[in-house]
Amino acid sequence: MADIKGKSALITGGASGLGEATTRRLHAEGAFVTIADIQEERATELVAELGERARFVTTDVTDEAQVQAAVDAAVEAAPLWATVSCAGIGHPQQTYHHRKGPLPIASFERVVRINLFGTFNAVRLSAAAMADNEPDENGERGVLVNTASVAAFDGQIGQVSYSASKGAIVGMTLPVARDLARYGIRCMTIAPGLFDTPLLAELPQDVRDALGAQVPFPPRLGKPAEYADTAAFIISQPLLNGETIRLDGAIRMAPK
Ligand code: NAD
């Protein structure tokens, strides 16, 4: 099992929700964590709380130079071994609606730009840094963990932009793994179901309970720590490569 202790981990969207839980988890395992996020206040608080081995670089994942600066900051702390991409947004709107008209292409592009291009920015720039690492005893140099969604497979009404972006993250998982195999860098994707993050925390408790009850088992929302455990397991397990893992309690989303 590969060990993240004493190595760097870069977490995009690492200030909140699934990313925050991953930041905490990898830090607890002894990693040097670099949070790449646009939420300065939350990230600064988290870094202050974690103390040693934690840093924050204000990063919009769609900005190449900012992602490079975050990668550089991570490498400065220790060799970059894991990049977990959690930065993402949703913007529900239907393809066409008789009152609203066709979905504006700018809205579609914004979601794809942040979720897909942002993830690929982190992937390609992290891979370039990881390729310089000394390989471990397995010949491994690093791991990329991306975040899709069950909406990549069962996108609901109004999720066309989100599903397209997440479906593309699933689609690039295998070719990225194949491209980087010669360098000993793995690429995996997690497709979460319904998770209890700040996104859902804004909903009333009864709505959250109803959402959780749709999950066959366990009939509740996922805990961010369960996502973080999965990311940590992927990082530690050399045979996991080029695949997407649904983390969803067997939910299959209905049209709405
Ligand atoms: P969240 O809103 O709590 O966290 C997302 C983080 O991404 C935030 O800190 C935000 O500031 C950051 N971010 C947004 N745009 C950014 C940008 N351009 N550059 C850098 N950072 C940016 O949401 P979450 O629920 O933790 O979601 C994390 C990921 O998991 C997202 O990709 C989301 O699509 C995916 N996901 C979440 C769920 C769920 O139920 N919560 C389900 C499936 C997939």
Side-chain angles (χ1 to χ4, degrees), residues 12-19 36-39 42 58-67 84-125 144-176 187 189-204 206-208 210-215 221-222 224 227 244-249 251-256:
T12 78
S16 172
L18 307 183
D37 203 305
I38 45 176
Q39 282 203 65
R42 277 186 79 101
T58 307
T59 311
D60 181 333
V61 287
T62 65
D63 185 310
E64 183 173 3
Q66 291 181 17
V67 177
V84 184
S85 291
C86 292
I89 60 157
H91 181 75
Q93 194 170 342
Q94 296 177 31
T95 307
Y96 167 77
H97 188 274
H98 58 278
R99 276 196 301 275
K100 296 178 186 159
L103 191 156
I105 201 68
S107 311
F108 185 85
E109 187 177 333
R110 178 164 175 267
V111 173
V112 172
R113 186 162 288 284
I114 294 173
N115 293 359
L116 176 60
F117 287 35
T119 298
F120 191 61
N121 253 341
V123 161
R124 67 194 187 87
L125 298 174
L144 303 157
V145 181
N146 298 331
T147 310
S149 164
V150 294
F153 310 102
D154 3 295
Q156 296 185 295
I157 289 170
Q159 287 194 330
V160 59
S161 314
Y162 187 72
S163 291
S165 68
K166 296 300 190 178
I169 291 174
V170 171
M172 75 183 184
T173 306
L174 182 61
V176 168
C187 178
T189 294
I190 300 172
L194 299 169
F195 274 72
D196 195 3
T197 66
L199 215 77
L200 288 185
E202 288 163 17
L203 298 174
D206 56 332
V207 176
R208 288 163 26 140
L211 280 173
Q214 292 174 19
V215 184
L221 299 176
Y227 172 96
T244 298
I245 298 176
R246 284 184 75 124
L247 192 65
D248 65 357
I251 197 167
R252 299 295 179 267
M253 307 287 275
K256 61 177 174 183

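Residue indices begin at 1 and follow the sequence shown.
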Over all atoms of both residues, closest heavy-atom pair of [X] and [Y]:
| X | Y | value |
| --- | --- | --- |
| Pro192 | Ala148 | CD-O, 3.4 Å |
| Ala152 | Val170 | CB-CG2, 3.8 Å |
| Arg246 | Ile251 | NH2-O, 2.9 Å |
| Tyr96 | Pro102 | CD1-N, 3.7 Å |
| Gly249 | Val215 | O-CG1, 3.4 Å |
| Phe108 | Ala164 | CZ-CB, 3.9 Å |

Looking at [atom1] of [X] and [atom2] of [Y], how far apart are the two atoms once the value is rounded to the nearest 0.5 Å?
| X | Y | atom1 | atom2 | answer |
| --- | --- | --- | --- | --- |
| Thr244 | Met172 | OG1 | CE | 10.0 Å |
| Gln39 | Thr58 | CD | OG1 | 11.5 Å |
| Thr59 | Asn121 | OG1 | CG | 10.5 Å |
| Gln159 | Met253 | CD | CE | 6.0 Å |
| Thr62 | Arg110 | OG1 | CZ | 9.5 Å |
| His97 | Ile157 | NE2 | CD1 | 10.0 Å |

Would you check if the side chain of [X] reaches a backbone N or O of [Y] as a donor-acceptor pair within less than 3.5 Å?
| X | Y | answer |
| --- | --- | --- |
| Thr147 | Ile190 | no |
| Ser149 | Ala191 | no |
| Gln94 | Leu103 | no |
| Asn146 | Ile169 | no |
| Asn115 | Ile89 | yes |

Query - Atom CZ of Arg208 with >12 non-hydrogen neighbours under 6.0 angstrom - result: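 Check passes, neighbour count above 12.
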
Report task. Flag the pair Asp248 / Phe153 as yes when at least one side-chain heavy-atom distance between them is below 4.5 Å, and no otherwise. Result ->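 Side chain of Asp248 against side chain of Phe153, heavy atoms only: no contact under 4.5 Å found.
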
With the side chain counted from C-beta on, respond yes when Ser161 and His91 share a heavy-atom pair under 4.5 Å apart, and no when they do not. no

- Task: Evaluate side-chain contact (heavy atoms from CB on, under 4.5 Å) for Thr197 paired with Ser16, printing each intermediate quantity in order.
- Result: CA-CA 8 Å; Thr197 66; Ser16 172; 5.9 Å; no

